[in-house]
Amino acid sequence: MKECEKLKIGQLIKEYRKKRDMTQETLSIISGVSLSSIEKIESGVTKELSDSSLKKLSNALGHNFILEKDFEPNGFTAMGLFCGAGGLDFGFKKAGFDIVYSNDVMQAAEETYKYNIGDIEIKDFRDVDKTKLPYADVVLAGIPCQPFSNAGSRKGINDLRGQLFEEVIKTVDIIKPKIVLFENVRGFLSSKDENGLTMPERIRKELDNHGYRLYYKLLNASDYNVPQNRYRVVMIGVRNDIAGDFEFPEPIEDKSKLTIGATLNKPLPTDEQVEVWKLSPQSQDLIQHIPEGGSWKNVEYDLLPDRLKRIRDNMKRYHAPNFYRRFSREEIMGTVTAAGTPENSGIVHPVENRRYSVREIARFQSFPDEFKFLGPSVQQKYKLIGNAVPVNLGFSLGKALREFLNGK
Ligand SMILES: C[S@@+](CC[C@H](N)C(=O)[O-])C[C@H]1O[C@@H](n2cnc3c(N)ncnc32)[C@H](O)[C@@H]1O
């Protein structure tokens, strides 16, 4: 561990203690960590605390210091808009970016984001006064995907959420970051605005008007060390005075460690209660008849509920949907969704008759086991996780941008 990283943890602890108006003595009593350890880490005399001490301090101060102990600041700042639980933001933090402002409208995101990443403003971003925002080198804009998703209505930019783009452009115009990053679903590539421009064309035009140039690419998260096949469009706007061509990170070659079997085959955190969102009684009955690697197509006709019988009766008309996909342990997981429904996502465990647990789907999104999901109901946790940009994809993009901004 380098000097600056170690010092950072002590400084962070001090910062959080002061924010909570706590003396070192009080923190020692509340956390059970000795006063001398707290004094030493805060002053930089001790460079490292044990994980168990860091855990105690995390519990006492409501912030996850364990996650941060290996981070090396890179000198750049980032802002997380539409940050949700913070998959993208956490990836950037891991790549050394200091997150200076974050926002989401979803109350359920607050506790998880605060504990693992830092402060977050819960407010509709349209109501945020952009002139009061701090400067950030990179603006991360994981705008909601529903208007562009193939499954949705594809109203695109005309949709209210599509208009959130305009809010990001407004922000860019005011704070003039070096980089603005948009992430969205594949349908975004073909979604059109009111003038018939595809979304990438529209964004290119908007950014061009504001002095930015655009690079974009369709990426598969599993190419970036995420145990999940998840296709997302990443668009990078670069301020025109920043020289060079941005290059997207290179895909990894060996995906053998990304299978479902490899992802599940690690002990679950011992200090964590296993949380599983129960299936409906109908789905629970159905999955008993689906073998590992199969789907509803393996279920005998007579065992199907009426609505599925109707589809089975006319598979051509319904395009032979692959409902209730139950991936095998040898496969890479399919796209984790916010809805977490067994019909449309491979959310059923390969060999146990249940949904994947919160921790298991978090692993498919490459959240480390130390990242805790707090507060809301179990459904909200599935939603926050399913909505996230996989951490390792965020990390790869963060690293590539750090190198780009450093002129490497
Ligand atoms: C695709 S998710 C973002 C995921 C996030 N980037 C991550 O990596 O975890 C989109 C987010 O936009 C938020 N959102 C939707 N409308 C919003 C609004 N008007 N203002 C602020 N946030 C909003 C949603 O609550 C949701 O968390």
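Remember, it's 1-based here, ligands and their atoms both numbered in the order they're listed.
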| request: Decide, yes or no, whether a salt bridge links K255 with D223 under the criterion of side-chain N to carboxylate O below 4.0 Å. | output: yes
| request: Answer with yes or no after comparing the ring centroid distance for F90 and F92 against a 6.0 Å cut-off, counting only values under it. | output: no
| said: Regarding Y113 and D89, do their side chains bring together a donor and an acceptor under 3.5 Å, going by distance alone? | reply: yes
| task | Out of D89, I143, V105, L181, indicate the one that has the non-hydrogen atom closest to atom 23 (C) of ligand 1. | result | V105
| Is it the side chain (CB and beyond), the backbone, both or neither of L164 that lies under 4.0 Å from ligand 1, heavy atoms counted? | side chain
| Looking at Y212, is R239 sitting on its ring face, NZ or CZ under 6.0 Å from the six-membered ring centre and within 45 degrees of the normal? | no
| remark: In ligand 1, the atoms that come under 4.0 Å of a heavy atom of L88 are 7 (C), 8 (O)
| field | Parallel, tilted or perpendicular, as decided by the 30° and 60° cut-offs, for the rings of F125 and F82 | value | perpendicular
| query | Within 45° of the six-membered ring axis of W296 and under 6.0 Å from that ring's centre, is NZ or CZ of R326 located there? | reply | no
| request: Would you mind running through ligand 1 and noting each atom that sits below 4.0 Å from a heavy atom of G86? | output: 9 (O)
| K123 near ligand 1 by a heavy-atom separation under 4.0 Å | yes
| Of G87, C83, P390, G80, which has the heavy atom at the shortest distance from atom 5 (C) of ligand 1? | C83
| note | Counting from 1 in the order shown, the ligand 1 atoms closer than 4.0 Å to a non-hydrogen atom of N103 are 21 (C)
| task | Please determine, by modelled atom types, if N322 and Y324 share a side-chain donor-acceptor pair under 3.5 angstrom. | result | no
| task | With heavy atoms of G84 as the reference, note each atom of ligand 1 found under 4.0 Å away. | result | 27 (O)
| task | Using a strict 4.0 Å cut-off to heavy atoms of G142, name the atoms of ligand 1 that fall inside it. | result | 1 (C), 2 (S), 3 (C), 10 (C)
| Which part of L384 is near ligand 1, with near meaning a heavy atom under 4.0 Å away: side chain, backbone, both or neither? | neither
| Within 45° cone of F327 ring axis and under 6.0 Å: R325 NZ or CZ | yes
| message | As an exercise, identify every atom of ligand 1 less than 4.0 angstrom from a heavy atom of D124. | response | 18 (C), 19 (N), 20 (N)
| Short N/O distance, under 3.5 Å, between D104 and ligand 1? | yes
